[in-house]
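Some notes on the structure that comes next.
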2 protein chains.
Amino acid sequence: MYKRKIVPNLNCGLDLVGEVLYGKWKMRLLWFIDQGHKRPSELQRKIPDASRRVLNLQLKELQDHELVSKVIYPVVPPKVEYSLTAFGKSLIPIIAAIGEWGDNNADRLKELIIKGLSEDGE
Amino acid sequence: MYKRKIVPNLNCGLDLVGEVLYGKWKMRLLWFIDQGHKRPSELQRKIPDASRRVLNLQLKELQDHELVSKVIYPVVPPKVEYSLTAFGKSLIPIIAAIGEWGDNNADRLKELIIKGLSEDGE
DNA sequence: CAGCATCCTGGGCGATACTG
DNA sequence: CAGTATCGCCCAGGATGCTG
């Protein structure tokens, strides 16, 4: 859990979701876990841009927020598996909708984002 | 537009949406504009926790990403109105779904979030 | 009323290295 | 294979004050 000093404002549903989903890789984690990629190394491979440290941190937060559960198998070598809780599963349709919207508008979005990036260059 | 140095990875729809919606108040801005609160001062009043500066910054990004459009009326005192573009409107159902999920699970979420906050304290 | 400039800081996140 | 500790960067966003 990140050491947040200030208490966030939780005025509406948007705020609440923002809190739980706040983290660069959380939606992706939920998504991939739902897809059946449950082991840390597997998730790491799916999200190579993220560091293991942050992946673990965010996984921990997702656990604390009861969106995922973690099972540790007492074997050698160590084996760990994450799963979505029912609560977490209930978020999947929304994440799917977001991803779908993004995919449907991928070309336009890419263009706009790139344009935005170069704007400050000149 | 924030002066981002590093080029973001845009691997999937989730990334793309993440880019356009990245900003503490963007979803709320889109939401309130859709609700008919179009003027800066009005939005400010709706989102008192945000500073005017950041509101303007994010509004500008939303414009650059063609989610909202801005109309400046040449009158005194100055009058400005924001509206959603068709593109922006197409995001509303998703934002609504997110807010709804948050509202539906408000009690549980609040509890979990608060618990998470106090955890590092001890 | 609307918008910009300046200064400042918190904390998210990456890199690396070490333990079991 | 899984997880933690340390270090440091960087930039989003808050506060304040000035312009038209």
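In this text, all values refer to a predicted model and were calculated from it rather than measured experimentally. Here is the naming used below: chain letters follow the sequence lines, and residue numbers restart at 1 for every chain.
Between Val54(B) and Gln58(B) there is a side-chain heavy-atom pair separated by less than 4.5 Å. Counting heavy atoms from C-beta outward, Arg28(A) and Asp15(B) have side chains that approach closer than 4.5 Å. Leu21(A) places none of its side-chain heavy atoms less than 4.5 Å from the side chain of Ile98(B). Taking the side chain as every heavy atom from C-beta outward, Gln35(A) and Lys46(A) never approach each other to under 4.5 Å.
For residues 27-40 of chain A, proximity to DNA chain D is found at Arg39(A), Pro40(A), defined as any non-hydrogen atom under 4.0 angstrom from a strand atom.
Taking only side-chain nitrogens and oxygens, Lys24(B) comes nearer than 4.0 Å to OP1 or OP2 of dG14(D). The side chain of Gln58(A) places an N or O atom within less than 4.0 Å of a non-bridging phosphate oxygen (OP1 or OP2) of dC13(C). Considering only side-chain N and O atoms, Lys26(B) lies nowhere under 4.0 angstrom from the phosphate OP1 or OP2 of dG13(D).
In this structure, the CD1 atom of Ile47(A) is 11 Å from the P atom of dG14(C), given to the nearest Å. Residue Leu43(A) contributes atom CG, which lies 15 Å from atom C1' of dG3(D) at whole-angstrom precision. As a whole-Å value, the separation of Leu57(B) CG from dC11(D) C1' is 12 Å. In this structure, NZ of Lys60(B) is placed 13 Å from C1' of dG3(C), rounded to the nearest angstrom. A straight line from OH of Tyr73(B) to C1' of dG20(D) spans 20 Å, rounded to a whole angstrom. Counting to the nearest Å, the P atom of dC1(D) and the NZ atom of Lys70(A) are 16 Å from each other. When rounded to the nearest whole Å, the span between CD of Gln44(B) and C1' of dG3(C) equals 12 Å. In this structure, NZ of Lys79(B) is placed 13 Å from C1' of dA2(C), rounded to the nearest angstrom.
Among residues two or more places apart in sequence or in another chain, the side-chain contact (heavy atoms from CB on, under 4.5 Å) test is passed with Lys70(B) by Gln63(B), Ile72(B), Val80(B), Tyr82(B). Residues forming a ring pair (Phe, Tyr, Trp, His ring centres under 6.0 Å) with Trp101(B) (at least two apart in sequence, or on another chain): Phe87(A). For Lys79(B), the side-chain contact (heavy atoms from CB on, under 4.5 Å) partners two or more places apart in sequence, or in a different chain, are Arg39(B), Tyr73(B), Val75(B), Glu81(B). For Arg45(B), there are no side chain to side chain donor-acceptor pair (under 3.5 Å) partners two or more places apart in sequence or in a different chain.
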- Query: When every nucleotide of nucleotides 15-20 of chain C is labelled 5' to 3' by its protein contacts under 4.0 Å (heavy atoms), B for base, S for sugar-phosphate only, - for none, what sequence of letters results?
  - Reply: B----B
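Across every non-hydrogen atom of Leu14(A) and Ile95(B), the tightest pair is CD1-O, 3.8 Å.
Set against dT4(D), dG14(C), dA2(C), the side chain of Asn56(A) has dT4(D) as its closest nucleotide. For Pro77(A), the listed nucleotide lying nearest its side chain is dC1(D); candidates were dG14(D), dC1(D), dA2(D).
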